[in-house]
Amino acid sequence: MRRYDPRVSEELRPRLTLPAGSRVRRHADVRRVFDHGRSAAVGPVVAYVFARDDDAPPRYALVVGKRWGNAVQRNRTRRLLRESFRLTRPELPRGFDVILLPREPLFTALLGDVLPGVRQAVHAAARRFRRDGPGQPRAREGGRRRR
RNA sequence: GGAGCGACCCGGGCGGUCGCGGCGUCCCUCGCGGGCGCCGAGGAAAGUCCGGGCUCCAUCGGGCAGGACGGUGGGUAACGCCCACCGGGCGCAAGCCCAGGGAAAGUGCAACAGAGAGUAGACCGCCGACCGGCGGGCGGCUUGCCGCCCGGUCCGGGGCAAGGGUGAAAGGGUGGGGUAAGAGCCCACCGCGCCGACGGUGACGUCGGUGGCACGGUAAACCCCGUCCGGAGAAAGUCCACAUAGGGGAGGAACUCGGCCGACGGGCCGGGUGCGAGGCGGCCCGUCUCGUCACAACUCCCGGGUAGGGCGUUCGAGGCGGCCGGCAACGGUCGUCCCAGAGAAAUGACCGUCACGGGGGCGCGAGCCUCCGGACAGGAUCCGGCUUACGGGUCGCUCCACAC
RNA sequence: GCCCCCAUCGUCUAGUCAGGUCCAGGACACCAGCCUUUCAAGCUGGGUACACGGGUUCGAAUCCCGUUGGGGGUA
């Protein structure tokens, strides 16, 4: 069985907390990231980012739909993404709202499989946002329409 | 040892590093902060299949319609659940299964096959007693008729339903008597119906008598009988804040009585009947609210806006232990405990170690080394059940084989 | 979360309420043959389905229960 090397976190002092305030909770904020943010995908992870007008640490939200399995499997997926975000948060660009989504099934994945993807995807999306600015909402033809 | 049946229990333990959600408390450089303490998923939290609590519909009243349930007795807040018992079916057995009321209230359905499918029927077959004919023999005499006998490997009428055959099902079964052949036609036993006695709270059982077969299947077909059920569902609901803009469309109906003002045009208030609209899931009754010569208000429909916060919200038909009652489900009583309450959603990540299971190797052996493995699955209003998914253990019992 | 509905050939569907005549019918699509120099069209023939597991019944696509998979409504 593969094991995750604990030295990854040993290097990363200071404190690696994940306070409640670092979560994007309001529906309007989530919509803003999806409609006007920029995205990038690395490995098993997709990241959407949108820059706020401050210099606070990055905030996150997770979107894991029913296609990723039952409640236990979705919880496992969310926890891996959250843990990856927590461990990499100090090195991520400040002032961004980040939404993380899985791109492939993560139920059987280990933390080491997910963490590099989160770090690189967020950085890539942030670079794209700084270069191109806010995007326009994609037209959703057919399918479900959000009000 | 093998096969099987039932009841019950458990759902890894300990430790470390970094974190998460509540509540309490303290600190500060007050912020989306930090320290400390306590608590933090399941036996199914699942499916959402039943039953209740709770909230709103003014009240939840009567009837119809509709739905659910269905042996008996108990348990329960209630149930479609549980316990005990009865009856039937399956199994060698331990045991398991049963929507298990009514088919003599009525209606419907049963393809194909078959003679006949529910007021039964006669294809093959069986019979030759009875009637008519045919053939033969004998006898009589009024010589072409009569009588008697024989013939079903002669015919028809007719009798029969035992046997064959069809079917899921053919209008009691077996045996004997009986008969021309047969048949509950008669008899014995079994089954069935009815009556009675006894036992049991009861479903029902046992025994006796009697009838002489009259009652086929299907109600998870309509239906009948009995019992129960008002509707919606926490995104229920309620309070506050914010916001849209007083948007568009549709609707209906009169009389009368009393009092007061006014001073003859009438106005105001209250009541009655009628009418209209609406609420009480559908309909009717009943009832309540509003309106009633109408700009408005009212009611309904459509359109538009908001997507924040508080309460509901977790102490409960609650858990654990003892004693008592009960075959049991369960109840009573005493003691003790406080056990998730989030609001897009917290239990995680990683590591060590010990147990447990499996494979391989070493060892005479106790054992040692090494590599794997640990299921189903995550609270979202709360309980009681059912169902479905799934890893393992303990105890008891049955049958078979072997040994003593 | 809560409350409803649906499932039949490759696709769209009929049959389900009132069980048998249904080894399930139709249209398009598919395959083969004929026709044509070839293709298309036309004609002839053919294959293909009751989501799954139980129960009731003599008999189930149909009735009942459970499972699975879809869809819709609701602040």
Side-chain angles (χ1 to χ4, degrees), chain A residues 1-123 125-126 129-130 134 136-147:
Chain A
M1 183 173 175
R2 296 165 300 168
R3 295 185 188 279
Y4 177 66
D5 187 351
R7 284 175 299 179
V8 169
S9 57
E10 294 292 333
E11 303 167 354
L12 298 173
R13 303 287 172 179
R15 302 184 41 82
L16 295 170
T17 62
L18 193 68
S22 66
R23 208 180 309 156
V24 180
R25 311 189 78 139
R26 298 176 58 92
H27 179 70
D29 293 340
V30 176
R31 282 254 54 81
R32 185 179 59 177
V33 177
F34 272 119
D35 289 343
H36 301 291
R38 295 292 182 179
S39 68
V42 174
V45 178
V46 181
Y48 279 77
V49 303
F50 182 89
R52 304 188 308 271
D53 287 334
D54 58 35
D55 195 38
R59 303 193 305 173
Y60 78 101
L62 306 171
V63 176
V64 180
K66 280 230 169 149
R67 59 178 299 202
W68 303 113
N70 61 28
V72 170
Q73 295 172 329
R74 295 197 304 274
N75 274 341
R76 163 79 185 179
T77 303
R78 268 191 288 271
R79 284 160 181 164
L80 283 172
L81 289 172
R82 185 188 305 113
E83 185 71 1
S84 298
F85 181 84
R86 177 177 77 88
L87 294 173
T88 57
R89 194 164 79 115
E91 48 183 303
L92 295 178
R94 301 172 71 87
F96 279 95
D97 281 348
V98 176
I99 297 180
L100 299 173
L101 301 89
R103 200 162 68 145
E104 56 190 58
L106 295 180
F107 178 50
T108 58
L110 297 168
L111 182 61
D113 303 330
V114 181
L115 191 141
V118 170
R119 174 166 41 209
Q120 293 164 32
V122 172
H123 277 295
F129 189 91
R130 290 201 185 92
Q136 291 304 309
R138 282 184 299 170
R140 288 184 174 78
E141 69 280 11
R144 328 161 39 116
R145 177 157 311 170
R146 289 185 177 83
R147 285 182 294 246

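Residues passing the side chain to side chain donor-acceptor pair (under 3.5 Å) test with A:Arg78 are A:Asn75, sequence neighbours excluded. Listed by chain and residue number, A:Val46, A:Arg103 satisfy the side chain to side chain contact (heavy atoms under 4.5 Å, CB included) test with A:Ala41 (two or more places apart in sequence, or in another chain). Looking at residues two or more places apart in sequence or on another chain, you find a side chain to side chain donor-acceptor pair (under 3.5 Å) between A:Arg32 and A:Asp97. The side chain to side chain contact (heavy atoms under 4.5 Å, CB included) search around A:Pro58 returns A:Phe85, A:Arg89, A:Leu92, not counting sequence neighbours.
Among B:C350, B:G348, B:U347, the nucleotide with an atom closest to any side-chain atom of A:Arg86 is B:G348.
In terms of heavy atoms, A:Phe129 sits closest to A:Gly37 at CE1-CA, 4.2 Å.
Between A:Phe85 atom CZ and B:A349 atom C1' the separation is 16 Å, expressed in whole Å. Rounded to whole angstrom, the span from the CG atom of A:Asp113 across to the C1' atom of B:C350 amounts to 14 Å. In this structure, CG of A:Leu115 is placed 13 Å from C1' of B:C18, rounded to the nearest angstrom. One can place CG of A:Leu111 at 15 Å from P of B:G19, the figure rounded to the nearest angstrom.
The nearest heavy atom of RNA chain B to A:Arg52 and to A:Leu62 marks one nucleotide each, and the one closer to the 5' end goes with A:Arg52.
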Are any protein N/O atoms closer than 3.5 Å to N/O atoms in nucleotides 377-379 of chain B? If there are, list each pair with its distance.
from	atom 1	to	atom 2	distance (Å)
B:G378	OP2	A:Ala71	N	3.4
B:G378	OP2	A:Val72	N	3.3

